[in-house]
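Written out below as structure tokens is the structure these notes cover.
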Number of protein chains: 2
Amino acid sequence: MAFQLDLPLMLEQLRKKFGINDTQFAAFSSYFKKLEIPAKTTLLEEGEIANRIFFIEKGCVRVWFNSDGKELTMQFFFENETVASIESFKKQVPSLLYIETIEPCEIWYISKQDLETIHQQLGHTLDIRNELIDYLFERLFHYMHHFLSFLRDSPLKRYEALIKDNPMVIRRVPQHYIASYLGVSSVHLSRVKSELARKKP
Amino acid sequence: MAFQLDLPLMLEQLRKKFGINDTQFAAFSSYFKKLEIPAKTTLLEEGEIANRIFFIEKGCVRVWFNSDGKELTMQFFFENETVASIESFKKQVPSLLYIETIEPCEIWYISKQDLETIHQQLGHTLDIRNELIDYLFERLFHYMHHFLSFLRDSPLKRYEALIKDNPMVIRRVPQHYIASYLGVSSVHLSRVKSELARKKP
DNA sequence: GGGCTACGATAACATTTGTTATCAAATCAA
DNA sequence: TTGATTTGATAACAAATGTTATCGTAGCCC
């Protein structure tokens, strides 16, 4: 049998995700750092240049931006999902987005620099690049669908779709964040909910 | 000097884009086919499985979908841009989107099969993969920004931004398409325009 | 436990946007 | 050119959504 590292579960998952074998990964595993942080902790602020990618082991996170003092939520992330202010990280420009915990979280991260080290040493392996391509497709399709539903659907329909497709959000995220994610005021989301309750009691 | 192929300008650009040298490209150039088509020609319909990627040499194109009989426009494409129903093409699922010319067009395309042939033969070259990664980032950032502006900005602001960032759309695209692209009715876009005219005469 | 804060529901009113209808101008085809 | 179609503006009204204010509840910190 191959030499077996005793990695934390999260790192083992990351290892598989990147398609790196045990022995190679041993050299890199120390690049991944763990945070244990309370709810409402800011991981990245508007204006900062993102130099970390986050991997959520436990808890949930929202990505939002400031619009004239109003907090508008772009997306929620839960266990085993990867979060970054991807445009800031890629282009090294100031982030438009905040990343903030909603619940107490256990989160791993890696710095851009360390990721590039891995990249340089394993660049000939295509797995990392393919992983990135898959990730980008996934994110792209997510935004296209979400955007499409904004053009096509009423807030009620978007809320129903959210219940169906991502009930975790309904259960774990405060409602005013959900409202801004759906593009309506929290007052209107209340209306939508009571309308839904009347429809299906 | 290297052997010089006498390629049409568009193919020369595609060659560079893919990072393939002249000699190698000679074997592939016949995979790219040219269309000369009138305005309002449908290149891909809802329900079809996309098996082509289009490169616009001349003219413009819109990508739209049907929502209860209403045509909702997702995006416009102009000269030297690449268009596809990317999710359908990648996953080989029925397309949600239509691709349709707005003006008379000269458009090149390559089939998925031929693209894969190139890919297999040049897979060791990373340029194609890097090109894809760059393209995906670009598309992703585009959708994120567009979506963000839907959450943050009024239709008036979105229209002003369009004038500033992509005046070609204003000049070349019929207004009711622009309205659906901005997420408002064509009647309301007229209102927005006259409001703008009053503001800055 | 007491007080504070965050969260969510509801009402009343204001604003924005959609819908339908009509008309005028521009474009296109025969 | 002429007639038909497309495009765009406007008015009048309807529907959707935002805003502000108020209230009650639940959770949380000390």
Side-chain angles (χ1 to χ4, degrees), chain A residues 37-42 59-60 62 64 67-73 76 100-104 149-160 162-163 169-201, chain B residues 37-42 59-60 62 64 67-73 76 100-105 149-160 162-163 169-199 201:
Chain A
I37 47 183
K40 302 204 183 194
T41 305
T42 296
C60 73
R62 73 184 176 117
W64 62 277
S67 170
D68 279 333
K70 259 182 299 187
E71 297 189 3
L72 299 181
T73 301
F76 305 107
E100 187 184 304
T101 59
I102 293 177
E103 302 172 351
S149 88
F150 261 76
L151 290 179
R152 185 189 53 199
D153 301 327
S154 66
L156 173 59
K157 282 196 178 171
R158 288 206 292 284
Y159 185 67
E160 289 178 316
L162 189 61
I163 291 175
V169 172
I170 310 290
R171 272 188 280 116
R172 295 168 61 178
V173 175
Q175 192 168 307
H176 56 287
Y177 294 159
I178 298 178
S180 83
Y181 174 72
L182 294 176
V184 297
S185 66
S186 60
V187 174
H188 194 64
L189 182 54
S190 274
R191 275 197 283 251
V192 164
K193 281 182 69 176
S194 72
E195 185 183 350
L196 191 62
R198 248 174 294 123
K199 234 175 65 177
K200 310 174 189 170
Chain B
I37 47 183
K40 302 202 184 197
T41 305
T42 296
C60 72
R62 73 184 174 117
W64 62 276
S67 170
D68 280 333
K70 259 182 298 187
E71 297 188 2
L72 299 182
T73 301
F76 305 107
E100 188 185 304
T101 59
I102 293 177
E103 301 172 349
C105 283
S149 88
F150 262 75
L151 289 178
R152 185 189 52 198
D153 301 328
S154 67
L156 172 60
K157 282 196 177 172
R158 289 206 293 284
Y159 185 67
E160 288 178 317
L162 189 61
I163 292 174
V169 173
I170 310 290
R171 272 188 280 116
R172 294 167 63 178
V173 175
Q175 192 168 306
H176 56 289
Y177 295 158
I178 298 178
S180 83
Y181 175 72
L182 294 176
V184 297
S185 67
S186 59
V187 173
H188 193 63
L189 181 53
S190 274
R191 275 196 284 249
V192 164
K193 280 183 69 175
S194 72
E195 186 183 349
L196 190 61
R198 246 174 295 123
K199 232 175 66 176

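Just so we're on the same page: letters track the sequence lines, and every chain starts at 1. Here the structure is a predicted model, which is why all the values come from computation and not from measurement.
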Original post:
Can you find a pair of side-chain heavy atoms, one from A:Glu100 and one from A:Tyr177, that are under 4.5 Å apart?
Top reply: yes

Nearest heavy-atom neighbours spanning [X] and [Y]:
X        : Y        : result
B:Ile170 : B:Tyr159 : CD1-CE1, 3.8 Å
B:Thr101 : B:Pro38  : OG1-O, 2.9 Å
B:Ser180 : A:Leu151 : O-CD2, 4.1 Å
A:Ala179 : A:Ser186 : CB-CA, 3.6 Å

In whole angstrom, give the distance that lies between atom [atom1] of [X] and atom [atom2] of [N].
X        : N      : atom1 : atom2 : answer
B:Leu196 : D:dT10 : CG    : P     : 13 Å
B:His176 : C:dG18 : NE2   : P     : 16 Å
A:Glu195 : C:dT10 : CD    : C1'   : 15 Å
A:Arg198 : C:dA9  : CZ    : C1'   : 13 Å
B:Ile178 : D:dA9  : CD1   : C1'   : 15 Å
B:Lys157 : C:dT16 : NZ    : P     : 13 Å
B:Ile102 : D:dT6  : CD1   : P     : 16 Å
A:Lys40  : D:dC29 : NZ    : P     : 11 Å

Original post:
Under 4.0 Å between a side-chain N/O of B:Gln175 and OP1 or OP2 of D:dA9, yes or no?
Top reply: yes

Original post:
What's the verdict on side chain to side chain contact (heavy atoms under 4.5 Å, CB included) for B:His188 and B:Lys193, showing C-alpha distance, side-chain angles and the deciding distance?
Top reply: CA-CA 9 Å; B:His188 193 63; B:Lys193 280 183 69 175; over 6 Å; no

Subject >> CD on A:Gln175 to CG on A:Leu182, rounded to 0.5 Å >> reply: 10.0 Å

Original post:
What is the distance from atom NZ of B:Lys157 to atom OG of B:Ser149, rounded to the nearest 0.5 Å?
Top reply: 11.0 Å

**OP:** Encode nucleotides 25-30 of chain C as B, S and - characters from 5' to 3', where the letter depends on protein heavy atoms closer than 4.0 Å: B to the base, S only to sugar-phosphate, - to neither.
**Re:** ------

Subject >> Closest nucleotide among C:dT17, D:dT17, D:dT6 to the A:Pro155 side chain >> reply: D:dT17

Original post:
Nearest of C:dC7, D:dT7, D:dT10 to any side-chain atom of B:Ser194?
Top reply: D:dT10

Original post:
Which part of the nucleic acid does A:Ser154 contact within heavy-atom distance under 4.0 Å: base, sugar-phosphate only, or nothing?
Top reply: nothing

Subject >> DNA chain C contacts among residues 183-193 of chain A, heavy-atom distance under 4.0 Å >> reply: A:Val187, A:Ser190, A:Arg191, A:Lys193

Original post:
Under a 4.0 Å N-O cut-off, is there an ion pair linking A:Glu103 with A:Arg172?
Top reply: yes

